[in-house]
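The next block holds one structure in the form of structure tokens; read it before the comments.
All values reported here derive from a predicted model rather than from experimental measurement. So that the names make sense, note that chain A is the first sequence line, chain B the second, and so on, each numbered from 1. Note that these values count all heavy atoms, side chains included, but never hydrogens, waters or copies made by symmetry.
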Number of protein chains: 2
Amino acid sequence: MNKEGFVPAVEDRPAVTVDIVLFSVINDWLNVLLVKRRIPPFVGMWALPGGFVRRGETLEEAALRELSEETGVSGFYLEQLYTFGDPGRDPRMWIVTVAYYALVNSKGIELRPATDVVDTAWYLVDNLPELAFDHARIIQYAVKRLRSKLEYTTVGFELLPEKFTLTELQRVYEAILGQKIDKRNFRKKMLSRGILQPLDETKMEGVHRPAKLYRFLGV
Amino acid sequence: MNKEGFVPAVEDRPAVTVDIVLFSVINDWLNVLLVKRRIPPFVGMWALPGGFVRRGETLEEAALRELSEETGVSGFYLEQLYTFGDPGRDPRMWIVTVAYYALVNSKGIELRPATDVVDTAWYLVDNLPELAFDHARIIQYAVKRLRSKLEYTTVGFELLPEKFTLTELQRVYEAILGQKIDKRNFRKKMLSRGILQPLDETKMEGVHRPAKLYRFLGV
DNA sequence: AAATTTAGTGTATAAAATACACGATTACGA
DNA sequence: TCGTAATCGTGTATTTTATACACTAAATTT
């Protein structure tokens, strides 16, 4: 039973992939980006964007590369989520996947329109289609992580543009947590964190009172 | 740049390992289990217990198997930590490692004495020897995770025997957090969580007043 | 019975979270 | 220009949670 010295032959190694749960808040609802599979297994089914890790790149680089290949955009907020390696999670071969989640402000991203490479679409997290592999589970896990990280980090700001109003910020929180938040308490708490810079600008958009704009200062 | 359909040849796959940071609180200090390497690379250097994942087993099974091979014990509390895959983290080959952390009450574990298989030893987390690979970084990461999990979960109880006193519990918290805690506030908070069952037994051990024993009830 | 050592307890204060309602500002249309 | 509609922006009272802090109780040893 001496495991040391044992190195598995090349044919006894799993392939390693990255899969990315890219979130965006669109029209006050939390969405994830899905791609339609064009190759077996699960042809025609929706799945998470992702692909094989290549020699010489870090896992994070692989995740960013895959995302930019499929969205035409780069510079996402990215964080490792969990690694899934159960045998049988891919019916054809042994694959270990390192899952990431990423956040983007959907205004700053244009999905390649009508690309012939892959069919990509945003889906509401609580109205997902049937998904390939164990990707439903991965998304579920990512939502859970995102919700808890929202409470004690500043990840929420990654879903907003450079300048935003407090109401927009609140809508992002509400979309992720799936519940309404008291306006006065929310603003009090956010402003007391000392991470928001009030700007001398307002957002004059609707036909109503303009809202003050803020910028995220970082920690 | 169409990544779909591309599957890396077997010789272009990384080997996948698991490494485990096994913690225990010994004499009121936080310790980790290390093993001395007998094969290249880093022969003779201390490293985390771990090894290659085998076809047909889950990552968690692999971690538990490696741990029990090197300690002779099974049934650890185990939780996935992070996956490290930077190229060059192993000087000889491409290895992606899925790191876990595990918790055990050292009273319930006997390291195989003077085994000829591997040399294993407990080390104080803040007095580690030079470590192979990126294992120092992994341990650092694990300590950080353990500290934060201690605050909002019940992982702390995994480091205690079935029956324990409140003082013993407090010592575990202090060892992990690396700071003294107020006794009255600590007890108030623990008892108010409603997860402790007071027993009709006391621990008569020292030469002093016996302490009431409790049992962890679970969530 | 005095000394030693650990167990066990309560209160006052500060900080943080929660519940809750209305006046202010803009655009538009009558 | 005045009223309406819609969103912006604000404060206080209450509850809950966290913190600071010191002495008596119970056992053993000499």
Side-chain angles (χ1 to χ4, degrees), chain A residues 25 27-29 147-154 156 160-161 163-216 219, chain B residues 25 27-29 147-154 156 160-161 163-216 219:
Chain A
V25 172
N27 296 136
D28 300 343
W29 290 95
R147 282 190 179 141
S148 68
K149 281 253 162 177
L150 193 68
E151 315 264 21
Y152 65 97
T153 69
T154 57
L160 287 162
K163 301 172 181 181
F164 52 84
T165 70
L166 289 179
T167 299
E168 288 168 338
L169 181 60
Q170 184 174 343
R171 295 285 171 268
V172 165
Y173 273 68
E174 289 173 336
I176 295 172
L177 298 175
Q179 58 184 18
K180 288 281 171 202
I181 301 172
D182 180 84
K183 193 194 211 180
R184 281 172 292 190
N185 292 339
F186 180 79
R187 289 156 104 97
K188 201 188 311 171
K189 192 163 163 185
M190 281 300 154
L191 293 173
S192 76
R193 294 173 77 180
I195 54 176
L196 290 181
Q197 180 181 35
L199 302 175
D200 287 329
E201 299 173 65
T202 55
K203 178 153 191 168
M204 302 226 355
E205 192 173 66
V207 295
H208 310 298
R209 177 175 176 178
K212 192 172 189 65
L213 285 165
Y214 291 81
R215 181 198 305 275
F216 173 53
V219 272
Chain B
V25 172
N27 295 136
D28 300 342
W29 291 94
R147 282 190 179 141
S148 68
K149 280 253 163 177
L150 192 68
E151 313 265 22
Y152 65 97
T153 70
T154 56
L160 287 162
K163 301 173 182 180
F164 52 86
T165 70
L166 289 180
T167 298
E168 288 169 336
L169 181 60
Q170 183 173 345
R171 295 284 172 271
V172 165
Y173 273 68
E174 290 174 336
I176 294 172
L177 298 176
Q179 57 183 18
K180 289 281 172 203
I181 301 172
D182 180 84
K183 192 194 211 181
R184 281 172 291 188
N185 293 338
F186 180 79
R187 288 168 178 241
K188 201 189 309 172
K189 192 163 162 184
M190 280 301 154
L191 293 172
S192 75
R193 294 173 76 181
I195 54 176
L196 290 181
Q197 181 181 36
L199 302 174
D200 287 331
E201 301 173 62
T202 54
K203 178 155 192 167
M204 302 227 355
E205 190 171 69
V207 294
H208 311 298
R209 177 174 176 179
K212 191 171 191 65
L213 284 166
Y214 291 81
R215 181 199 305 274
F216 172 52
V219 273

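Distance, A/Phe186 CZ to C/dA19 P: 16 Å, rounded to whole Å. The distance from atom NZ of A/Lys189 to atom P of C/dA19 is 12 Å, rounded to the nearest whole Å. Atom CG in B/Leu169 sits roughly 13 Å away from atom P in C/dA7 (whole-Å rounding). For the pair B/Glu168 CD and C/dA7 C1', the interatomic distance rounds to 12 Å; values are reported in whole Å. Distance CZ (B/Arg171) to C1' (C/dA7): 11 Å, rounded to an integer number of Å. Between the CD atom of B/Glu205 and the C1' atom of C/dT5 there is a distance of 14 Å, given to the nearest Å.
Looking at residues two or more places apart in sequence or on another chain, you find a salt bridge (Lys or Arg N to Asp or Glu O under 4.0 Å) between A/Lys163 and A/Glu201. With sequence neighbours excluded, the residues that form a side chain to side chain donor-acceptor pair (under 3.5 Å) with B/Arg187 are B/Thr167.
In summary, of the residues considered (A/Met190, A/Lys189, A/Lys188, A/Arg184), a side-chain contact (heavy atoms from CB on, under 4.5 Å) with A/Phe186 occurs for A/Met190 alone.
Residue B/Lys183 is in base contact, counting any heavy-atom pair closer than 4.0 Å across all strands shown. Using a 4.0 Å heavy-atom criterion, one finds that A/Thr165 contacts no nucleic acid atom at all.
Here the straight-line distance linking atom CZ of A/Arg147 with atom CG of A/Leu177 works out to 7.0 Å at 0.5 Å rounding. In this structure, OH on B/Tyr214 lies 14.5 Å from NZ on B/Lys203, to the nearest 0.5 angstrom. If you take OG1 on A/Thr154 and NZ on A/Lys149, they are separated by 9.5 Å, rounding to the nearest 0.5 Å.
Side-chain N or O atoms of B/Glu168 include none that pairs as donor or acceptor with a backbone N or O of B/Leu160 at under 3.5 Å. In terms of modelled atom types and a separation under 3.5 Å, the side chain of A/Asn27 and the main chain of A/Trp29 share no donor-acceptor contact. A donor-acceptor contact shorter than 3.5 Å is absent between the side chain of A/Lys180 and the backbone of A/Glu174.
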Dot-bracket pairing map - DNA chain D, Watson-Crick plus G-U, both contacts under 3.5 Å, | cross-strand: ||||||||||||||||||||||||||||||
Please write out each protein N/O paired with an N/O of nucleotides 25-27 of chain C under 3.5 Å, distance rounded to 0.1 Å.
| from | atom 1 | to | atom 2 | distance (Å) |
| --- | --- | --- | --- | --- |
| C/dT26 | O2 | A/Val207 | O | 3.4 |
| C/dA27 | O4' | A/Val207 | O | 2.5 |

Could you run down the sub-3.5 Å N/O contacts of the protein with nucleotides 11-15 of chain C?
| from | atom 1 | to | atom 2 | distance (Å) |
| --- | --- | --- | --- | --- |
| C/dT11 | O4 | B/Lys188 | NZ | 2.9 |

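Residues B/Tyr173 and B/Arg193 come closest through the heavy atom pair OH-NH1, 3.6 Å. Nearest heavy-atom pair across A/Leu150 and A/Gly156 is CD1-CA, 3.7 Å. Considering every non-hydrogen atom in both A/Val25 and A/Ala175, the closest pair reads CG1-CB, 4.0 Å.
Along DNA chain D, the stretch of nucleotides lying under 4.0 Å from any heavy atom of chain B spans, 5' to 3', D/dT19 to D/dT28.
B/Leu213 places a side-chain heavy atom less than 4.5 Å from the side chain of B/Thr165.
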